[in-house]
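Start at 1 with the first residue, then count along the sequence.
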Amino acid sequence: MEDLKPWGMEQKTFLLLMHLSQLASFVIPGAGLVLPIVMWATNKDESPEIDRHGKVILNWMISLFIYFVVSAILIFVVIGAFMLVALAIVNLVFVVMGAVKANEGVLWPYPLSIRFFKTE
C-alpha cells in the first residue's frame, strides 16, 4: 500500500496541523472553524485515521459552541464572563494537547467534548 500524503505532507504532520488549524481564527476570522472542516472533509475517505481525528475535532468544536452560548447567556448573572475566559484557556490547551498527541500517533478525545460523531 502506498503512503498517503494528504495535501502533500506526512499524515502525522497533517493531523497535527488539522488540530492546530482550529487556532487559525487568531489570524483570519472564521478560519478556525472552516479550515479543520475542509481538511477533514477532503481527506476523510482516504484515511480512517484522518476521519477519526476529524470527528474528534468536530465534536469539540460543536461542544465548544454550545458551552459558549450557555456562557454568553450566563453573562447576565456575571458567572458567564468567567466561563468565557475559562473556555478560551481550555480551548487553547485542548487544541495544543490534541495536536501533540496526534503527532505522537495517538487519538486524544478532547475532555468535556460531547460525542456527536462516533470515532470507533
Could you see if L87 belongs to whatever hydrophobic cluster contains L58? Use Ile, Leu, Val, Met, Phe, Trp, Tyr and a side-chain cutoff under 4.5 Å. yes
Shortest non-hydrogen pair, G32 vs S25, comes out as N-OG, 2.8 Å
How far apart are the C-alpha atoms of Q22 and L64, what are their side-chain angles, what is the distance that settles it, and do they pass the side-chain contact (heavy atoms from CB on, under 4.5 Å) test?
CA-CA 12 Å; Q22 296 173 78; L64 185 65; over 6 Å; no
inquiry  = With a 4.5 Å cut-off on side-chain heavy-atom distances among I, L, V, M, F, W and Y, is there a chain of contacts connecting M83 to M61?
reply    = no
- prompt: Among the clusters formed by ILVMFWY side chains lying less than 4.5 Å apart, do L20 and M97 turn up in the same one?
  reply: yes
side-chain contact (heavy atoms from CB on, under 4.5 Å) test vs S21 passes for just one of L35, V95, I37, namely L35
(message) Contact between E49 and R52 at the side-chain level, heavy atoms closer than 4.5 Å - yes or no?
(response) yes
Could you check whether any side-chain heavy atom of P6 comes within less than 4.5 Å of a side-chain heavy atom of I50, counting everything from C-beta outward? yes
| message | Any non-hydrogen side-chain atom of V100 less than 4.5 Å from a side-chain atom of W108? | response | no
Inset, instruction - List the steps and the verdict of side-chain contact (heavy atoms from CB on, under 4.5 Å) for N91 and Y67. - result: CA-CA 11 Å; N91 183 47; Y67 299 145; over 6 Å; no
Shortest non-hydrogen pair, N103 vs K12, comes out as O-CD, 3.3 Å
Open item on the list: Looking at Y110 and S63, would you say the former's side chain and the latter's main chain have a donor-acceptor pair under 3.5 Å?
Closed with: no
Quiz item: Where the side chain of N59 meets the backbone of F117, is there a donor-acceptor pair that is under 3.5 Å apart?
Solution: yes
- Single-linkage hydrophobic cluster W7~V34, side-chain heavy atoms < 4.5 angstrom: yes
Is the gap between the ring centers of F14 and H53 under 6.0 Å?
no
The reported gap from OG1 in T13 to NZ in K5 (rounded to nearest 0.5 angstrom) is 8.5 Å
Membership question, hydrophobic clusters at under 4.5 Å side-chain separation (ILVMFWY): are F94 and I114 in the same one?
yes
* Are any of the side-chain heavy atoms of M18 and N43 separated by less than 4.5 Å? -> no
dist L84:CG -> I79:CD1 (nearest 0.5 Å) comes out at 11.0 Å
Could you tell me whether F68 atom CZ has more than 12 heavy atoms of other residues or ligands within 6.0 Å of it? no
Of all heavy-atom pairs linking L16 and A102, the shortest is N-CB, 4.2 Å
| said: Please determine whether side-chain contact (heavy atoms from CB on, under 4.5 Å) holds for the pair K55 and D51, giving the CA-CA distance in whole Å, both sets of side-chain angles, and the decisive distance to 0.1 Å. | reply: CA-CA 6 Å; K55 288 176 180 177; D51 187 39; 3.3 Å; yes
